[in-house]
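Notes follow once the structure below has been shown.
We name chains A, B, ... by the order of the sequence lines, and we start the count at 1 in each one. Given the structure is predicted, the values throughout are model-derived calculations rather than measurements. Atom set for the values below is all heavy atoms of this structure, side chains included, hydrogens, waters and symmetry mates excluded.
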Amino acid sequence: MRVRFAPSPTGFLHIGNARTAIINYLIAKKYGADYILRVEDTDMERSTKESEKSIMEDLKWLGIEWSEGPDVGGDCGPYRQSERFDIYKTYSEKLIADGKAYYCYCSSEEIEDMRADAAATGRTSTYNGRCRNLSEADRQKFISEGRKPTIRFRIEENQQIIIDDLIKDKVIFNSDNIGGDFIIVRSDGVPVYNYIVVIDDLLMKVTHVIRGEDHLSNTPKQILIAEALGFERPVYAHMALVMGDDKKKLSKRHGITSVALYREEGYLSEALVNYISMLGWASASGEEILKLEDIISQIDLDNLAKSAAVFDFKKLKWMNANYIRAYDENLIYKMLLPFLEKAGFKIESYDEAYLKKVILFSRNYCELLSDIGRHAEIFLTNELEVDGETADLLKSEPGQIIIKCAGDVLDQLNDDNYADDFVNVVKDRTGLKGKNLFMPCRAVISGRMHGPDLADTMKILGRGKCAERIKYFGGKYLAK
RNA sequence: GUCCCCUUCGUUUAGUGGUCUAGGACAUCGGGUUUUCAUCUCGACAACAGGGGUUCGAACCCCCUAGGGGAUGCCA
């Protein structure tokens with residue numbers, strides 16, 4: 001079994017394509033198939049090397065490995081379509097020689113007119129077939145006019161094309177309904193996707209074509225080409241598309257759709273892969289947070305949903321938070337450091353053991369890796385800025401009372417119980433209770449009204465830092 | 001317009017003729033825990049698109065309608 005992922009390098013790897021790449025990967029892993037990466041860069045105007053590079057980086061980040069591709073080579077290369085033009089040319093010539101394709105001298109403008117005419121008359125194919133059976137004289141006339149021909153594939157009338165799709169089951173097309181003779185080679189000699197995909201899949205020995213359902217209506221064309229060339233066709237599996245919350249095909253206006261942006265925002269690749277796998281699929285047990293190997297063992301083409309799924313950013317976030325909390329300590333620590341730096345913290349200025357303790361504690365409060373700064377701040381910044389509400393609290397009567405005695409209380413407690421007993425001793429000392437007790441205690445240590453458990457916070461900070469905090473806030477907010 | 005695909009809670013799914021007064025997860029709302037927020041936990045709300053068949057019986061099979069999506073490119 002051999003599968004492929006064939007992106008066109010015209011932008012970033014997008015969630016929809018990532019899903020195709022991921023499903024192909026999961027299936028490949030499940031069945032021990034080869035995974036081919038093929039770059040479909042025949043749109044010369046839009047294809048860029050940078051895009052190719054970033055797509056490969058994103059795939060790697062997702063954990064996808066390919067056994068053949070433009071970077072690693074393989075027996076069926078080259079793996080960029082732009083490097084295979086000679087191959088395609090041989091087949092084009094063969095199709096023309098066999099009468100299965102022909103030169104078309106119609107200009108783009110003339111095609112435009114035909115399109116309008118087809119719409120007006122209700123004709124199902126845009127092309128009106130003018131060059132289908134051109135006389136040699138007409139041909140010479142067009143050539144002398146300097147027209148550069150395209151090559152069109154000749155579609156036989158009233159042919160039934162049956163696709164036994166692994167996801168959609170049986171889909172039947174009639175050759176009269178697929179748009180008429182279509183262009184397989186442009187007038188500049190560059191062949192077109194719908195045509196060369198067939199050649200590449202055959203030459204690269206792809207057995208299973210797993211792709212988005214937007215390609216389903218291209219499939220009859222490809223099958224016809226395969227037949228004309230005498231090729232055996234691959235098995236097809238067309239996956240339902242991923243939609244935005246307005247049920248339109250997921251695109252930029254729905255928010256972040258490029259994989260690279262997810263990485264930057266602090267999503268874990270494992271969470272993204274897990275979530276994307278669950279789009280259109282569910283495990284037998286109903287569990288949703290699954291190890292990759294469990295997904296691989298359970299997922300299959302015939303249990304993927306036929307209907308499109310809306311991408312739910314909130315659920316992805318929830319899943320990401322779960323992954324952050326459960327992740328291996330050393331690994332998540334290393335992953336979180338750059339996000340902390342990006343948030344403006346100089347990580348080399350902290351004691352490593354302390355920093356690690358802070359990060360591993362704070363990660364429990366993060367939905368995204370990029371949340372780490374916000375949560376670690378109370379441990380890493382000594383001279384904390386406070387918001388207006390917290391400042392008011394510290395300036396209020398209970399705030400003042402607590403600021404005054406907090407230092408003493410801390411001194412009086414010993415190392416074993418300073419964190420756990422702090423609030424209670426303040427309570428005994430001041431007679432305050434409830435919110436008036438707890439909130440100022442929290443504020444005088446963390447500078448915040450909300451946050452992790454106060455005793456935990458104090459333990460992480462350590463006794464010395466707690467004392468410094470009390471002093472600092474005292475100096476700042478205690479009325480003279 | 002035409003062709004193709006699809007249609008279970010707001011979202012994602014379970015469900016393959018009786019076990020369905022339709023199950024889980026996210027979201028939302030409420031209770032508990034946390035004298036905070038989050039986590040955790042308990043609970044509530046909430047769906048078979050509509051209409052016809054077939055059948056003793058239909059979310060499940062068939063047909064029609066409606067809605068959504070995709071394609072209809074010298075894009076992929």
Side-chain angles (χ1 to χ4, degrees), chain A residues 6-10 17 40-43 45-47 81 104 106-108 111-112 115 118-126 148-152 163 165 167-169 171-174 176-180 182-194 196-197 211-221 238 240-241 243 245-249 275 278-289 305-319 321-322 325 364-367 375 423 427 433-439 441-443 446 448-454:
Chain A
S8 65
T10 55
N17 287 140
E40 308 214 319
D41 54 351
T42 54
D43 185 340
E45 306 234 312
R46 297 192 300 146
S47 298
Q81 291 185 326
C104 171
C106 299
S107 66
S108 299
I111 299 296
E112 268 311 310
R115 205 188 310 283
T121 60
R123 191 175 68 232
T124 52
S125 53
T126 48
K148 291 263 179 277
T150 59
I151 299 176
R152 273 184 195 273
I163 305 166
D165 194 278
I167 296 171
K168 300 285 188 185
D169 296 327
V171 182
I172 302 171
F173 288 88
N174 187 292
D176 293 348
N177 292 330
I178 59 175
F182 60 97
I183 291 172
I184 58 173
V185 180
R186 299 171 172 92
S187 53
D188 62 3
V190 177
V192 144
Y193 161 78
N194 258 126
I196 57 180
V197 68
R211 56 181 14 173
E213 123 180 85
D214 46 345
H215 288 287
L216 187 54
S217 36
N218 288 146
T219 308
K221 293 179 188 167
H238 287 94
L241 266 18
M243 309 291 214
D245 52 11
D246 56 357
K247 310 241 176 171
K248 304 264 186 248
K249 196 171 162 182
Y275 177 70
M278 305 306 296
L279 234 37
W281 179 73
S283 68
S285 66
E287 277 179 294
E288 308 204 50
I289 296 181
K306 292 181 174 187
S307 53
V310 173
F311 193 85
D312 185 347
F313 295 88
K314 281 189 177 163
K315 190 154 185 178
L316 204 215
K317 233 178 199 183
W318 164 80
M319 195 168 270
N322 274 278
R325 279 198 296 273
N364 296 309
Y365 296 84
C366 295
E367 285 189 303
H375 293 115
V423 175
K427 181 181 177 185
K433 58 183 180 180
K435 263 196 162 155
N436 285 338
L437 165 70
F438 197 79
M439 286 312 230
C441 282
R442 168 177 295 287
S446 73
R448 299 284 179 274
M449 308 267 288
H450 305 294
D453 179 79
L454 184 57

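- Across all strands, A/L216 comes closer than 4.0 Å only to sugar-phosphate atoms, never to a base (heavy-atom distances).
- In terms of phosphate contacts, A/T42 brings no side-chain nitrogen or oxygen within less than 4.0 Å of OP1 or OP2 of B/C75.
- In this structure, A/R186 reaches the B/A76 phosphate: one of its side-chain N or O atoms is under 4.0 Å from OP1 or OP2.
- You won't find any donor-acceptor pair under 3.5 Å spanning the side chain of A/T124 and the base of B/C3, going by distance alone.
- Toward the 5' end of RNA chain B, the nearer of the two residues A/I172 and A/V192, judged by each one's closest nucleotide, is A/I172.
- When the C1' atom is compared between B/A27 and B/U35, the two are found 29 Å apart, to the nearest whole Å.
- Comparing A/G451 and A/R123 by the nucleotide of RNA chain B whose heavy atom lies nearest to each, the residue mapping closer to the 5' end is A/R123.
- Among the heavy atoms of the strands lying under 4.0 Å from A/C106 is at least one base atom, whether or not backbone atoms are also near.
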**Message:** Applying side chain to side chain contact (heavy atoms under 4.5 Å, CB included) to A/D188 and A/K148, what does each step give before you reach the verdict?
**Reply:** CA-CA 7 Å; A/D188 62 3; A/K148 291 263 179 277; over 6 Å; no

**Complete:** With sugar-phosphate taken as primed atoms, P, OP1 and OP2 and all else as base, the protein-contact string of nucleotides 9-14 of chain B at under 4.0 Å (heavy atoms; B, S, -) is --SSSS

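- Of the residues listed (A/H215, A/E40, A/Q81), the one engaging A/Y193 in a side chain to side chain donor-acceptor pair (under 3.5 Å) is A/H215, and it is the only one.
- In a base pair of the Watson-Crick type (N1 to N3 plus N6-O4 or O6-N4) or a G-U wobble (N1-O2 and O6-N3), with each distance short of 3.5 Å, B/G73 is matched with no nucleotide.
- Only the P atoms considered, B/A44 is 38 Å distant from B/G53, to the nearest whole Å.
- If you take atom P in B/C37 and the same atom in B/A49, they sit 41 Å apart, rounded to whole Å.
- Side-chain N/O atoms of A/R325 include one lying less than 4.0 angstrom from OP1 or OP2 on B/C40.
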